[in-house]
Colleague: 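Below is one structure. I have some questions about it.
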Amino acid sequence: MLGVVRDLRSPRSLADPVKAADYQEHLLAEFVLARLAHGVADSTIRGELAALEEFLASAGVWAWEVEPRHADRFLGQDQHGRAHDTRRGKAGAIDFFYRFLELRYRGELHELTGRLVASPIDEVNRPRHSGDFTVRVPPAPAALTVFFADWRTELATSRKWLTGARHYAMARLAAEVGLRLRELCALGLDDLHFEHGPLGKLHVRAGKGSRGSGPRQRLVPMLGDARALLVWWVTEVRGEFRDDWQLPRAPLFPSERGGPIGGDSFAAALGQVAGRHLRGPVTQLSPHVLRHACATRLYGEGLRLVAIQQLLGHRWLSTTMRYVHVATDTIETDYQRAAERAAARFKEG
C-alpha cells in the first residue's frame, strides 16, 4: 500500500516536469510515513491519500502551486452533492497535508519555487461541522443474549471453526467492555492482566486520542463475562493459530497470515453472522453498535455515567450520554408522573 519511499535529494529546480512529478510523489510518500509514525491506521491513511490525489488531479497544478480557488472549485463543484461528512473528511485530509508541508518543507519549497506554501482550506471554504445526530439503536440485551447463544451453537458444526471462534470472542468482548474496533484488533497477549483487581484488566494501548494527541491508553476491567471468555480463548483456542506466546506484542486475535486481524474482515464477518442469527427490530450489527449496546446495558444496570465514560475512554461526558439514550427513561418517567398528577386532579374535581 505504501510503496517504497525514494531516496531523493532536493532537486535544484522543478522546471522539468519529470523532476517535479518525482518530487511531488516524494512529498506524498513522506506524508504517509509521518502519519504512520503518528500511529494512524492504514485504512485512514489510504483515505487521506486518495483524497489528496483526487484534489491534485482536480487542481491540475503541482502541490506547491495550489491556491484557495482550487479548493473552492473542488469542494463546491467537484464534490457537490456528496455527503457532508465526505466533503468535510476530504477537506480535512487536504488541510492536514498542507500543514505538514508548512512545518517541514516551507523553506525548501520557497527556495525551489519562490512560493510560500499554505493550506488552500481556510475559514471561508472549510465545510462546516454539522454534528453527529445519527441515532445508533443497539439490539436489546435479551436479543443480544440470544444472538450470542445461537452463534456459539453454530460454531460446533462450523467448517471454519477456528476463525469463527475468533470472531465470536472478539464480538463478545466488545459487547462486554465496549472496546472500539481498532482497540480490539490491537490487543496483545501481554495486555491481559488477570491478576489486577477483583476481575482482571485489559491494557488498551490504541485508545482514541483527540486533536492529534496520539493514542490514549487506559485500563479496562474485565466486566461481565469478559474474564471467562478470555480464559477460554487463551487456553483453548488461541494456540491453534500459532505458537508465538513468547514473542513481544504477540496479537491476542491473530490473522491467518500472521499479525493482528484486520478490522474490516472482522466487521464483515460480524455483519454476516448478524444476518443469520440476529432477530428483532434491530437486524444489523457492527463493532460500533456493540459498543453502544455495552454502554446501554451497563447504564440500565445502574452503572454511573462517569464510570461508563472511563470504561469507553471518552474525553467528554456529553459523548457518553449519546451512547446510553436507549436506556434513558427520563421522558417515560416524567410522562408517568404527569399522568398520575392529572389523574389525581381529575379525582379531586
Side-chain angles (χ1 to χ4, degrees), residues 41 144-145 147-208 215-270 272-274 277 285-288 290-291 293-295 297-298 310-313:
L144 208 55
T145 299
F147 165 73
F148 280 121
D150 290 347
W151 190 357
R152 183 71 181 261
T153 301
E154 180 189 70
L155 287 177
T157 57
S158 175
R159 184 171 60 88
K160 296 184 178 180
W161 179 84
L162 193 58
T163 56
R166 177 190 60 197
H167 297 148
Y168 170 83
M170 294 177 70
R172 280 291 308 277
L173 184 59
E176 292 295 329
V177 298
L179 296 183
R180 297 180 179 92
L181 177 59
R182 182 185 176 193
E183 296 170 347
L184 189 66
C185 295
L187 285 173
L189 285 169
D190 54 358
D191 291 326
L192 303 182
H193 300 279
F194 292 104
E195 73 284 1
H196 286 188
L199 302 175
K201 286 185 170 63
L202 292 165
H203 183 187
V204 177
R205 301 172 187 263
K208 183 179 179 181
R216 182 181 293 134
Q217 300 186 23
R218 69 186 188 280
L219 289 175
V220 172
M222 298 178 185
L223 302 180
D225 295 329
R227 182 185 180 94
L229 174 77
L230 289 169
V231 169
W232 167 75
W233 168 253
V234 171
T235 59
E236 299 185 32
V237 186
R238 168 59 174 78
E240 297 294 325
F241 278 92
R242 58 185 50 82
D243 186 15
D244 57 354
W245 305 94
Q246 302 301 321
L247 293 180
R249 298 301 301 151
L252 177 62
F253 299 111
S255 67
E256 290 80 357
R257 297 181 179 181
I261 183 177
D264 292 344
S265 59
F266 166 62
L270 178 63
Q272 292 170 3
V273 176
H277 297 299
L285 203 56
S286 69
H288 199 68
L290 285 177
R291 184 168 158 86
C294 172
R297 187 193 77 252
L298 293 175
Q310 295 174 353
L311 178 74
L312 299 184

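Computed from a predicted structure; not experimentally measured.
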Colleague: Considering non-hydrogen atoms only, spot the tightest contact between L173 and A226 and give its length.
Modeller: CD1-CB, 4.0 Å
Colleague: Would a distance-only check, ignoring hydrogens and angles, find a side-chain to backbone donor-acceptor pair under 3.5 Å from W233 to L252?
Modeller: yes
Colleague: Please determine whether side-chain contact (heavy atoms from CB on, under 4.5 Å) holds for the pair V237 and W161, giving the CA-CA distance in whole Å, both sets of side-chain angles, and the decisive distance to 0.1 Å.
Modeller: CA-CA 10 Å; V237 186; W161 179 84; 3.8 Å; yes
Colleague: Between K201 and E195, is the closest basic N to carboxylate O distance under 4.0 Å?
Modeller: no
Colleague: Ignoring hydrogens, what is the shortest heavy-atom contact between A171 and W151? Give both atom names and the distance.
Modeller: CB-CZ3, 3.6 Å
Colleague: Hey, are the side chains of R180 and R291 touching, using non-hydrogen atoms and a 4.5 Å cut-off?
Modeller: yes
Colleague: Quick check: do L202 and L230 have side-chain heavy atoms less than 4.5 Å from each other?
Modeller: yes
Colleague: Do P287 and M170 have side chains that get closer than 4.5 Å, going by heavy atoms?
Modeller: no
Colleague: Please answer whether the main-chain N or O of G188 pairs with a side-chain N or O of D191 as donor and acceptor at a distance below 3.5 Å.
Modeller: yes
Colleague: Has the side chain of R297 got a donor or acceptor atom that lies under 3.5 Å from a matching backbone atom of A175?
Modeller: yes
Colleague: Can a donor-acceptor pair be found, under 3.5 Å and without considering hydrogens, that links the side chain of T235 to the backbone of V231?
Modeller: yes
Colleague: When you measure from the side chain of E176 to the backbone N and O of D225, does any donor-acceptor pair fall under 3.5 Å?
Modeller: yes
Colleague: Sub-3.5 Å donor-acceptor pair from the side chain of R218 to the main-chain atoms of L311, do we have one?
Modeller: yes
Colleague: Going by heavy atoms in the side chains, are L312 and L179 under 4.5 Å from each other?
Modeller: no
Colleague: Do the non-hydrogen side-chain atoms of F266 and T163 ever get within less than 4.5 Å of each other?
Modeller: no
Colleague: With side chains defined as the heavy atoms from C-beta onward, is the minimum distance between P221 and Q310 less than 4.5 Å?
Modeller: no
Colleague: Would you call R166 and E256 a salt bridge, using N to O less than 4.0 angstrom?
Modeller: yes
Colleague: Of all the heavy-atom pairs spanning L199 and R227, show the shortest one and how long it is.
Modeller: O-NH1, 2.9 Å
Colleague: Output the distance between atom CG (D264) and atom SG (C185), rounded to the nearest 0.5 Å.
Modeller: 9.0 Å
Colleague: Does L219 reach the side chain of V204, with side-chain heavy atoms less than 4.5 Å apart?
Modeller: no
Colleague: I would like to know whether D190 and R249 meet side-chain contact (heavy atoms from CB on, under 4.5 Å); could you show each step before the answer?
Modeller: CA-CA 7 Å; D190 54 358; R249 298 301 301 151; 2.6 Å; yes
Colleague: Would you compute the distance between atom CG of L187 and atom CD1 of I261 and round it to the nearest 0.5 angstrom?
Modeller: 12.0 Å
Colleague: Is the closest side-chain heavy-atom distance between H167 and V273 below 4.5 Å?
Modeller: no
Colleague: Against the six-membered ring of F148, is R172 placed for a cation-pi contact (under 6.0 Å from the centre, within 45° of the normal)?
Modeller: yes
Colleague: CG of L155 to OH of Y168: how many Å apart, nearest 0.5 Å?
Modeller: 7.5 Å
Colleague: For T153 and A149, indicate whether the former's side chain and the latter's backbone hold a donor-acceptor pair under 3.5 Å.
Modeller: yes
Colleague: Can you see which heavy atom on W232 is nearest to which on A169, and at what distance?
Modeller: CZ3-CB, 4.1 Å
Colleague: If every non-hydrogen atom of A206 is compared with every non-hydrogen atom of E183, which pair is closest and at what distance?
Modeller: O-CG, 3.5 Å
Colleague: Test side-chain contact (heavy atoms from CB on, under 4.5 Å) on M222 and F194 and set out the steps.
Modeller: CA-CA 8 Å; M222 298 178 185; F194 292 104; 3.8 Å; yes
Colleague: side-chain contact (heavy atoms from CB on, under 4.5 Å) between L189 and R238: does it pass, once the steps are laid out?
Modeller: CA-CA 10 Å; L189 285 169; R238 168 59 174 78; 3.7 Å; yes
